[in-house]
Amino acid sequence: MIEQVHSSLLKLRDVYRSAVKKQRLKKKLAEYNHRLKLNVPFKSLWEAKKQSDCDISEFFLYGFYNMSAAQRDEYITWTRRALLAQKVGDLDAPLTIPGNKVLFNTIFAEFMRREWANPSACTPEEFVGFLRRHGEVIVKPSDQNQGRGIYKYRFETEEGALELYREMRGRGGLVEQLVSQHPRMAQLNPNTLNTLRISTYADTDEVHILAAALRTGIREGACTDNLHGGKGCACPVDIETGRIKAEAFDQDMTRYATHPLTGVRFEGFEVPLWPQVLDTVRAAARKAYGLPQCHWIGWDLAVLPDGVELIEGNWRQAVDLIQCCQGGLYHEMERLSEKI
């Protein structure tokens with residue numbers, strides 16, 4: 001009798017939670033419909049969510065409301081991303097290689113041209129000397145993502161540099177020399193480092209290049225181009241040609257035919273040194289394959305006046321960045337993940 005009562009209470013709890021979840025989702029749907037001037041019915045969202053466990057932002061960003069079930073099934077959602085990463089053994093922890101910027105810079109030094117300093121591993125004099133020599137640097141926490149905690153620092157006094165040293169020492173962070181980008185890339189936005197995201201999957205025989213995107217800052221005064229930090233936008237790049245193949249988008253699902261700050265047209269813009277970009281990610285992905293749990297990585301790169309430089313690698317990379325405006329990668333990744 002007690003077991004039956006307990007079972008009934010659990011069922012009631014689940015029914016209540018499901019009802020609350022639906023009410024919250026309906027409220028969010030109304031907000032998205034209002035903002036995007038749409039009239040998508042709840043049934044469409046609920047069916048897509050049951051199929052792929054998409055969240056509401058993915059539902060609208062990918063345009064699931066205009067797709068059949070088969071078309072929606074082509075996409076990697078955040079939940080599917082986690083399952084794929086788990087399947088191939090890629091972990092998500094701040095102390096793992098791509099998840100920690102200090103470890104990444106150490107291991108992938110051959111693909112970098114910028115100087116950097118780790119205040120936890122150098123003397124106060126070395127740190128101050130680094131800042132004085134470069135004048136302006138980028139400060140980065142070692143284990144954050146989405147551009148969080150990144151800012152520019154300008155050397156003015158030794159006392160100020162020592163204060164930064166004491167603030168950062170022992171807390172996991174680094175300072176890096178500013179990167180001078182290719183003049184063609186600077187046309188998009190000269191105030192931010194406009195970077196590429198290249199998604200790769202490496203197995204024992206081959207490095208597969210899955211998708212490419214370009215990011216650029218769109219906020220006045222911002223020093224990063226990060227899409228999810230709300231300071232940038234992204235656009236898909238054709239892997240074969242290195243040309244942008246569609247308009248850009250931001251995290252609020254606003255679309256841009258031209259850059260809002262410089263007026264440069266996105267579609268048709270050609271990334272310079274594209275063959276070298278692909279050679280660099282292939283070599284980096286092959287090296288990463290020799291490390292633990294490093295199969296599926298999103299590489300961030302900068303194009304310099306005379307070459308290409310790795311900025312960082314990302315486990316459990318942003319799947320919206322590599323799929324929006326260029327199609328889903330779920331079935332391709334499912335197929336590739338069978339071979340490690």
Short side-chain to backbone donor-acceptor contact, Asp300 and Arg197, under 3.5 Å: no

Side-chain (Tyr256) to main-chain (Ile218) donor-acceptor, under 3.5 angstrom: no

side-chain hydrogen bond (donor to acceptor under 3.5 Å, both in side chains) partners for Asn39, two or more places apart: none

For Ser337 against Leu84, the heavy-atom pair lying closest together: OG-CD2, 4.2 Å

From Ile297, Val88, Val207, Ile209, residue fulfilling side-chain contact (heavy atoms from CB on, under 4.5 Å) relative to Tyr201: Val88

Residue from Lys101, Arg113, Lys140 passing salt bridge (charged side-chain N to carboxylate O under 4.0 Å, His left out) with Glu176: Lys140

Where at least one partner belongs to residues 286-295, residue pairs that pass salt bridge (Lys or Arg N to Asp or Glu O under 4.0 Å), sequence neighbours excluded: Glu110-Lys287

Polar side-chain atom of Arg81 near backbone of Arg316 as donor-acceptor pair, under 3.5 Å: yes

Glu136, CD atom: more than 12 neighbouring heavy atoms under 6.0 Å: yes

Donor-acceptor contact present, side-chain His259 to main-chain Gly217, <3.5 Å: yes

Ring centers of Trp116, Phe104 separated by less than 6.0 Å: no

Just distance, no hydrogens or angles: give the donor-acceptor pairs under 3.5 Å from side chains in residues 46-73, sequence neighbours left out.
unit_1	atom_1	unit_2	atom_2	d
Lys49	NZ	Cys54	O	3.1
Gln51	OE1	Arg72	NE	3.1
Gln51	OE1	Arg72	NH2	3.4
Gln51	NE2	Ala69	O	2.6
Ser52	OG	Ala48	O	3.1
Asp53	OD2	Thr79	OG1	3.0
Asp55	OD1	Ser57	N	3.1
Asp55	OD1	Ser57	OG	2.7
Asp55	OD1	Glu58	N	2.8
Glu58	OE1	Asp55	N	2.9
Glu58	OE2	Trp78	N	2.8
Glu58	OE2	Trp78	NE1	3.3
Tyr62	OH	Val319	O	3.2
Tyr62	OH	Asp320	N	3.2
Tyr62	OH	Gln323	NE2	3.0
Ser68	OG	Gln71	N	3.2
Ser68	OG	Gln71	OE1	3.4
Gln71	OE1	Ser68	N	2.8
Arg72	NH1	Met67	O	3.2
Asp73	OD1	Arg80	NH2	2.5
Asp73	OD2	His331	NE2	3.1

Aromatic ring proximity Phe155/His134, centre distance under 6.0 Å: no

